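Have a look at the structure below, then the notes.
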Amino acid sequence: MELLVVDLHQYLEFISNKSSVNGDSDIIDVELKNLCFEVSKTLRETGALLVKDPRCSAQDNDRFLDMMENYFEKPDEFKCLQQRSHLHYQVGATPEGVEVPRSLVDEEMRQKLRKLPEESQPSLPVGPDPKWRYMWRIGPRPSNTRFQELNSEPVIPEGFPEWKETMDSWGYKMVSSIEAVAEMAAIGFGLERDAFTSLMQKGPHLLAPTGSNLQRYGQLGTVFAGYHYDLNFLTIHGRSRFPGLNIWLRNGQKVEVKVPVGCLLIQTGKQLEWLTAGECLAGMHEVVVTNRTIDAIESAKQQGRSLWRVSSTLFAHIASDSMLKPLGHFASSPLAANYPPMCAGEFVEQELAVINLKGSKE
């Protein structure tokens, strides 16, 4: 199955020409309204879509990947200097062997996946993920918050003078893509255009690239990121240089993702599920070494390229002190009771505790 590809050019042009529009359906032309409906429909039915954003080029993605490959190739002792376990690993480095995939500890999830047909079964992990991650905050921080650990100062590794500019440049562009999709989805769902984006203001958006050492762990079937959903609002990925990402559609179908050059992949997170009372379900996914990954490893070896698989991933969040609850007409859903109101920060802390990222205070 091919995922829907949405070119954001038309919507961005609409925004630039109608900066004062509040999102009322009678102001948006029929073609654009239909495109917004397709976005919301796709997020509802598949939990994933591809976007082309003229503000995010393949060159931007490559520049980011080059720097992160250079970072992850550094010795583990160096990378551990940027570790902040007492801040729930929400800034700086997370070493391999720390993050526990949800499918390893969530028995309800394990029961559901056992019911999937054989061809859609995930590769079950046997322990924590053997991947590194780096968390970099994108956007302004709230001046007052109950969740200081989720809104901490960034960590910059020594020897990377281009670090802040590269991370911020790529991160802000990806957040901008998320915001455009969030507005289009809101319109498609019959909500105010800013229904989602107003809750994202000063959220703890995290540019969170992962680094997987294919030199050490590049054997067929190795699980780098076990079957799980993302706890945030929407997740966006740039194109990785090594394949291996599988996603599950709402109907349980397993799909190996192929992100075309110049495109970005967007997936639904648990916070969007909360805000829509389950109309959109958090998308399940995994990263596994496949035959296509092996082919890419051999090609990289022949060309003398890095054997670190870097994911260009950003987690867009609802602001920590904002209330998570079904919005608008979703509040009348018969499933709304399954999504009781709670602060987004409280929700995040609960989720982090399950996957072993809510470190003890030091």
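Remember, it's a predicted structure, so these values are computed and weren't measured experimentally.
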- Task: Looking only at non-hydrogen atoms, find the nearest pair between A208 and R133 and report the distance.
- Result: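 Smallest interatomic distance, heavy atoms only, reads O-NH1, 3.0 Å.
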- Message: So which atom in Q215 and which in N213 form the shortest heavy-atom distance, rounded to 0.1 Å?
- Response: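 It is N-OD1, 3.0 Å.
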- Residues in salt bridge (Lys or Arg N to Asp or Glu O under 4.0 Å) with E108, at least two apart?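 With sequence neighbours excluded, E108 shows a salt bridge (Lys or Arg N to Asp or Glu O under 4.0 Å) to K112, given in chain and number order.
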- Results of salt bridge (Lys or Arg N to Asp or Glu O under 4.0 Å) for R216 - residues two or more places apart only: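 Only E96 meet the salt bridge (Lys or Arg N to Asp or Glu O under 4.0 Å) criterion with R216.
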- Does any N or O in the side chain of E273 come within less than 3.5 Å of the main-chain N or O of A282, such that one atom is a donor and the other an acceptor?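 Side chain of E273 to backbone of A282: a pair is present.
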- Message: Closer than 4.0 angstrom, basic N to acidic O: yes or no for D295 and R292?
- Response: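 Result for this pair is no, no salt bridge flagged.
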- Message: So that I can tick it off, tell me whether R239 and D62 are bridged by a salt bridge, with the cut-off set at under 4.0 angstrom between side-chain N and carboxylate O.
- Response: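 Between R239 and D62 there is no salt bridge, as every charged N stays at least 4.0 Å from the carboxylate O atoms.
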- Task: For H205, enumerate each residue passing the ring pair (Phe, Tyr, Trp, His ring centres under 6.0 Å) test, keeping only those at least two apart in sequence or located in another chain.
- Result: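 Ring pair (Phe, Tyr, Trp, His ring centres under 6.0 Å) list for H205, sorted by chain: empty.
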- Could you pull out all residues at least two apart from F224 that satisfy ring pair (Phe, Tyr, Trp, His ring centres under 6.0 Å)?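 F224 satisfies ring pair (Phe, Tyr, Trp, His ring centres under 6.0 Å) with no residue once adjacent residues are dropped.
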- Message: The criterion is side-chain contact (heavy atoms from CB on, under 4.5 Å); which residues satisfy it with E119, sequence neighbours excluded?
- Response: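 By the side-chain contact (heavy atoms from CB on, under 4.5 Å) rule, E119 matches P117.
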- Member of H317, Q267, K270 meeting the side-chain contact (heavy atoms from CB on, under 4.5 Å) criterion with N232: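 Of H317, Q267, K270, side-chain contact (heavy atoms from CB on, under 4.5 Å) with N232 is met by H317 alone.
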In residues 307-316, what donor-acceptor pairs under 3.5 Å come from side-chain atoms, sequence neighbours left out?
from, atom 1, to, atom 2, distance (Å)
R309, NE, F242, O, 2.9
R309, NH2, F242, O, 3.3
S311, OG, T210, N, 3.0
S311, OG, T210, OG1, 2.7
S311, OG, T313, OG1, 3.1
S312, OG, N61, OD1, 3.3
S312, OG, W170, NE1, 2.6
T313, OG1, H237, ND1, 2.9

